[in-house]
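A short worksheet on the structure shown next.
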Amino acid sequence: MATIPITRSQFLLPFVGILDEIGAPTNSLLEKFRLPSSLEAKSDLYVPLLPAIHFIETAQSTQGIKDFGFLASQRLHYSHLREKTRALIAHSPTLLVALRHACNWASREDTILSMWIEHDNDHVRVCSRLGRSSALLHLEHAQWLQNIFSVYIVRQFAGLNWMPPAMAFEARYTPSAATQSFWPNVRFLSEQRAAWISIPIPCLSLSNHSAELFPSSQEHEDGPSGYDIVEVLKLMLPSYLDGAVPTLPEVAEMAGVSTRTFQRKLSHIDFAYSDILDSVRFERSSALLRDTDSKIIDIAFASGYSDPAHFSRAFRRIAGVTPQQFRAQSRLR
């Protein structure tokens, strides 16, 4: 049996809002493609993706709307991503780790959406593609949304005014001059094999400085939530990095729960103890690299690594650059 590609209703709301504002027959258009009405009350529910794309295409052509996807993307916000995706990004030690999480969970936003990272000389490309795109026309609408969310993720680390050096579309599409004026110094490309934005490699090691909170603590019958545990571990573990770092069973004992319960709470929010420990170690080592002239070997030991080689491999996996490259880049910022 074939599966039905679905997307969150959230992503249709900007298009519906624009149509309502210009007095378009929004409800009849929705009915034509068998899409539910009253989407505002169903923003976290899912609708079939292919009819949604046909709805957007038809609405643009019948209502004479130019750059419909761009206009809709202006109404989307970072907060429209799934809460779990945003929480993973918020707790990511670097932009690189955040982008990996976004790629891993892309299919939870659209079930046939895939995301990946490609290296391109001194940049990386964050690519996205709908699985059945070869059979569809006017995909620029969806690709604006795909690209804008990648931009929003980078802005959590690089600042709210960050712009990609280049933005590409799989569709045969060039934004109008008016649309391009909103993206100064951004190079637009069309007819690519995927939608993508480019990111300079030094940005990958940026830390998350967003002030957004995730999510607020709530009372649970079986104790603190997984998010509460992550926050507590980030406060506690730095004290142990230059000595004997507690094992997972030891931390569970400190929390007064079984190891299995502890793992279950973290698994529920898609975290592992090793991920949290890696994050804490990176935060310590990156601060020492940035703010001191300590030797790499001393920073490795102070961050809880048994040898400099292990430290360098782990650091590069998280930051995308070696400790030496990170130190050099941080001195230039």
Side-chain angles (χ1 to χ4, degrees), residues 1-86 105-115 128-152 167 169-183 190 195:
M1 177 179 175
T3 59
I4 301 174
I6 56 177
T7 187
R8 291 172 62 214
S9 299
Q10 187 87 261
F11 303 142
L12 267 184
L13 289 178
F15 297 97
V16 169
I18 292 170
L19 292 172
D20 286 342
E21 287 178 10
I22 65 174
T26 310
N27 285 338
S28 63
L29 283 168
L30 288 170
E31 290 175 5
K32 178 179 180 180
F33 295 99
R34 298 184 180 179
L35 292 168
S37 58
S38 305
L39 289 175
E40 294 85 355
K42 305 167 185 175
S43 60
D44 285 329
L45 302 179
Y46 288 81
V47 295
L49 176 61
L50 301 184
I53 292 176
H54 292 312
F55 159 77
I56 296 168
E57 292 174 11
T58 301
Q60 174 174 257
S61 61
T62 59
Q63 302 304 310
I65 303 172
K66 195 170 184 62
D67 282 340
F68 202 9
F70 163 69
L71 295 174
S73 73
Q74 287 191 302
R75 298 177 177 228
L76 285 175
H77 303 284
Y78 176 72
S79 60
H80 288 144
L81 287 171
R82 291 172 63 250
E83 183 181 87
K84 276 194 175 183
T85 301
R86 288 184 289 120
W105 293 104
S107 62
R108 297 295 181 91
E109 305 290 349
D110 289 335
T111 54
I112 59 172
L113 176 66
S114 58
M115 286 182 65
S128 58
R129 196 169 193 271
L130 292 174
R132 301 180 186 179
S133 58
S134 59
L136 298 172
L137 299 174
H138 304 296
L139 278 174
E140 65 270 17
H141 312 306
Q143 288 162 12
W144 263 115
L145 272 57
Q146 292 162 216
N147 282 335
I148 202 69
F149 278 120
S150 295
V151 171
Y152 287 164
M167 182 182 295
F169 295 85
E170 185 182 354
R172 180 182 294 177
Y173 161 76
T174 301
S176 67
T179 295
Q180 292 191 40
S181 69
F182 284 86
W183 298 84
S190 67

Does [X] reach the side chain of [Y], with side-chain heavy atoms less than 4.5 Å apart?
| X | Y | answer |
| --- | --- | --- |
| L130 | L113 | yes |
| Q63 | P25 | yes |
| K32 | H54 | no |

Please report the interatomic distance [atom1]([X]) to [atom2]([Y]), rounded to the nearest 0.5 Å.
| X | Y | atom1 | atom2 | result |
| --- | --- | --- | --- | --- |
| R86 | W105 | CZ | CH2 | 15.5 Å |
| S190 | R172 | OG | CZ | 8.5 Å |
| E21 | T26 | CD | OG1 | 10.0 Å |
| Q143 | F169 | CD | CZ | 7.0 Å |
| Q146 | R129 | CD | CZ | 10.0 Å |
| L19 | Q60 | CG | CD | 10.5 Å |

Identify the two heavy atoms, one from [X] and one from [Y], that lie closest to each other, and give their separation to 0.1 Å.
| X | Y | value |
| --- | --- | --- |
| A52 | L35 | CA-CD1, 3.9 Å |
| P36 | L30 | O-CD1, 3.9 Å |
| P175 | Q180 | O-NE2, 2.9 Å |
| L76 | P14 | CD2-CG, 3.5 Å |
| G69 | L145 | O-CD1, 4.0 Å |

Practice prompt. State which residue, out of F70, F11, F15, fulfils the ring pair (Phe, Tyr, Trp, His ring centres under 6.0 Å) condition with W144.
Written response: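 By the ring pair (Phe, Tyr, Trp, His ring centres under 6.0 Å) criterion, W144 pairs with just one of F70, F11, F15: F70.
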Worksheet item: Which of parallel (below 30°), tilted (30 to 60°) and perpendicular (above 60°) describes Y152 and F149?
Response: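 Perpendicular: the ring planes of Y152 and F149 meet at over 60°.
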N/O donor-acceptor pair under 3.5 Å between [X] side chain and [Y] backbone:
| X | Y | answer |
| --- | --- | --- |
| T7 | L49 | no |
| T58 | F55 | no |
| K42 | S37 | yes |
| E109 | R82 | yes |

Worksheet entry | V47/L39 under side chain to side chain contact (heavy atoms under 4.5 Å, CB included): CA gap, chis, key distance, verdict | CA-CA 10 Å; V47 295; L39 289 175; 4.3 Å; yes
Item to complete: Return yes when atom CZ of R75 has more than 12 non-hydrogen atoms of other residues, nucleotides or ligands closer than 6.0 Å, and no otherwise.
Response: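 It does: R75 CZ has more than 12 such atoms within range.
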Worksheet item: Are M167 and W183 close enough, and set up right, to give a side chain to side chain contact (heavy atoms under 4.5 Å, CB included), and what steps lead you there?
Response: CA-CA 10 Å; M167 182 182 295; W183 298 84; 3.9 Å; yes
Worksheet item: Checking side chain to side chain contact (heavy atoms under 4.5 Å, CB included) for the pair I148/Q74: CA distance, chi angles, key distance, verdict?
Response: CA-CA 9 Å; I148 202 69; Q74 287 191 302; over 6 Å; no
Practice prompt. Pick out which of L29, L12, I65 makes a side chain to side chain contact (heavy atoms under 4.5 Å, CB included) with I56.
Written response: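 In the set L29, L12, I65, the residue that makes a side chain to side chain contact (heavy atoms under 4.5 Å, CB included) with I56 is L12.
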Practice prompt. Can you sort out the partners of T179 under side chain to side chain donor-acceptor pair (under 3.5 Å), two or more places apart, ordered by chain and number?
Written response: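 Partners of T179 by the side chain to side chain donor-acceptor pair (under 3.5 Å) criterion, ordered by chain and then number, come out as D67, S176.
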